[in-house]
Amino acid sequence: MRKLFVIVVLFFAIISATLAQSTAVTGAWQLTNGEETHYLFFQDNFCFYTLKQGKAFVMSQGGNFELSNGKLNVKVLYNSSDSTKVGEQMSIPFSVPGNQLALQMEQGEIKFSKVDEGKAPLAGVWKITGRMGDDGKVAEIHQTGSRQTYKMLTGTKFQWVAIDPDKKLFAGTGGGSYTFKDGIYTENIEFFSRDNSRVGAALSFDGKLEGDKWHHSGLSSKGDKIYEVWGKAKQLPMRDQ
């Protein structure tokens, strides 16, 4: 009986340690170096990294991640500047001293500062699951092929990416900060790969959570009416099965 008790205690200790390590990086991190701003977001086992210079988008890369033995392991799903990196596995030693995230890169240690801890009603990684048509009815969206569109929200930051991992295709990304209060969801754009002139703009939408669905409606950046339903995304396998 005592042996069984010890095994159970060790099991829960390991689980607790794993969860503590995972939550240590969850949320948004940022590094500013002159005109350069580096964004690093972790949420629900997805991570996105983006670099901009002034208002100009430079590059973005991301994928699924897991933490193991002090290393950040990433399976790259997209890379806007080098498509040959898609599908590769990255393993980066890391530590979390206080409110900083230190990554041990080839060029030396790089430290990001914490922006938020990834806690908010909308925090998560989302995929569109439905859209309202001209008939006023919401039709389900069944994505075919390998093209994917994800939208990550941390506690205060957001980023969407349109990618096709199988074809190693990057179609676009945008992000910045957001607020969600009294049924109004507002995005403040800080980077946009398709149009740098959109940086600094703010877009507001009606938003509500119904169960595990996020209903999102209003006018797009082009002025078109939209009503979308989003659901939580599932993590892709870290390794090929």
Practice item. Please lay out, stage by stage, how Ser68 and Asn73 fare under the test side chain to side chain donor-acceptor pair (under 3.5 Å). Key: CA-CA 7 Å; Ser68 177; Asn73 302 310; 4.7 Å; no
Check your understanding: Would you say the side chains of Tyr227 and His216 form a donor-acceptor pair under 3.5 Å?
Key -> no
Check your understanding: What heavy-atom pair brings Val199 and Lys55 nearest, and what distance separates the two atoms?
Key -> CG2-O, 3.7 Å
Check your understanding: Can Leu51 and Phe57 be said to form a side chain to side chain contact (heavy atoms under 4.5 Å, CB included), step by step?
Key -> CA-CA 7 Å; Leu51 169 63; Phe57 171 83; over 6 Å; no
Check your understanding: If we only count heavy atoms from C-beta on, is the Gln89 to Val74 side-chain gap below 4.5 Å?
Key -> no
Practice item. Could you tell me whether Glu187 and Lys151 have a side-chain N and a carboxylate O separated by less than 4.0 Å? Key: yes
**Study point:** Minimal non-hydrogen separation, Lys111 against Leu31, with atom names
**Key:** O-CD1, 3.5 Å
Check your understanding: Can you tell if the side chain of Met105 reaches within under 4.5 Å of the side chain of Ile92, non-hydrogen atoms only?
Key -> yes
Review point. Has the side chain of Asn45 got a donor or acceptor atom that lies under 3.5 Å from a matching backbone atom of Asn64?
Key: no
Exercise for review: Taking all non-hydrogen atoms of both residues into account, name the closest pair between Leu77 and Gly63 and its distance.
Suggested key: CG-CA, 3.6 Å
Check your understanding: Do Ile184 and Asp206 have side chains that get closer than 4.5 Å, going by heavy atoms?
Key -> yes
Review point. Does the side chain to side chain contact (heavy atoms under 4.5 Å, CB included) test come out yes or no for Gln148 and Asp164, once each step is laid out?
Key: CA-CA 6 Å; Gln148 308 290 332; Asp164 190 327; over 6 Å; no
Exercise for review: Would you indicate whether the side-chain heavy atoms of Trp230 and Thr129 approach each other to under 4.5 Å?
Suggested key: no
Review point. Same hydrophobic cluster for Phe112 and Met59, using side-chain heavy-atom links shorter than 4.5 Å among ILVMFWY?
Key: yes
**Study point:** Trace of the side chain to side chain contact (heavy atoms under 4.5 Å, CB included) decision for Phe192 with Trp160
**Key:** CA-CA 10 Å; Phe192 191 18; Trp160 61 266; 3.3 Å; yes
**Study point:** Between CH2 on residue Trp29 and CG on residue Leu40, distance to nearest 0.5 Å
**Key:** 9.0 Å
Study note, to complete from the structure: Given the options Tyr49, Phe191, Phe158, Tyr39 meets ring pair (Phe, Tyr, Trp, His ring centres under 6.0 Å) only with Phe191
Review point. Out of curiosity, does Ile110 fall in the hydrophobic cluster containing Leu67 (side-chain heavy atoms, cut-off under 4.5 Å, transitive links)?
Key: yes
Review point. Are any of the side-chain heavy atoms of Trp214 and Val229 separated by less than 4.5 Å?
Key: no
Check your understanding: Is it the case that one hydrophobic cluster holds both Ile226 and Leu122, taking links as side-chain heavy atoms less than 4.5 Å apart, direct or via other members?
Key -> yes
Study note, to complete from the structure: Heavy-atom nearest pair, Asp82 first then Asn79, reads N-OD1, 2.8 Å
Point to revise | From CA spacing to verdict: side chain to side chain donor-acceptor pair (under 3.5 Å), Ser60, Gln159 | key: CA-CA 11 Å; Ser60 186; Gln159 181 174 354; 3.2 Å; yes
Check your understanding: So which heavy atom on Arg194 is nearest to which on Ala162, and how close?
Key -> NH2-CB, 4.3 Å
Check your understanding: Would you say Phe170 and Ser193 make side-chain contact, with heavy atoms under 4.5 Å?
Key -> yes
Exercise for review: Kindly assign one of parallel, tilted or perpendicular to the pair Tyr178 and Tyr185, based on the angle between their ring planes and the thresholds 30° and 60°.
Suggested key: tilted
Review point. Is any side-chain heavy atom of Phe41 less than 4.5 Å from a side-chain heavy atom of Thr50?
Key: no
Practice item. Would you sort out whether Leu101 and Phe42 count as a side chain to side chain contact (heavy atoms under 4.5 Å, CB included), showing the intermediate values? Key: CA-CA 12 Å; Leu101 172 61; Phe42 297 91; 3.7 Å; yes
Exercise for review: Taking all non-hydrogen atoms of both residues into account, name the closest pair between Gln43 and Thr154 and its distance.
Suggested key: OE1-CA, 3.5 Å
Review point. Does some side-chain heavy atom of Ser113 sit less than 4.5 Å from a side-chain heavy atom of Gln30?
Key: no
Exercise for review: Using modelled atom types only, decide if a donor and an acceptor are shared between the side chain of Asp44 and the backbone of Phe46 within a distance under 3.5 Å.
Suggested key: no
Review point. Between Gln53 and Glu35, is any side-chain donor less than 3.5 angstrom from a side-chain acceptor?
Key: no
Review point. For the atom pair CD (Gln61) and NZ (Lys85), what is the distance rounded to the nearest 0.5 Å?
Key: 8.0 Å
Check your understanding: Hey, are Lys157 and Glu190 close enough for a salt bridge, meaning a charged N less than 4.0 Å from a carboxylate O?
Key -> yes
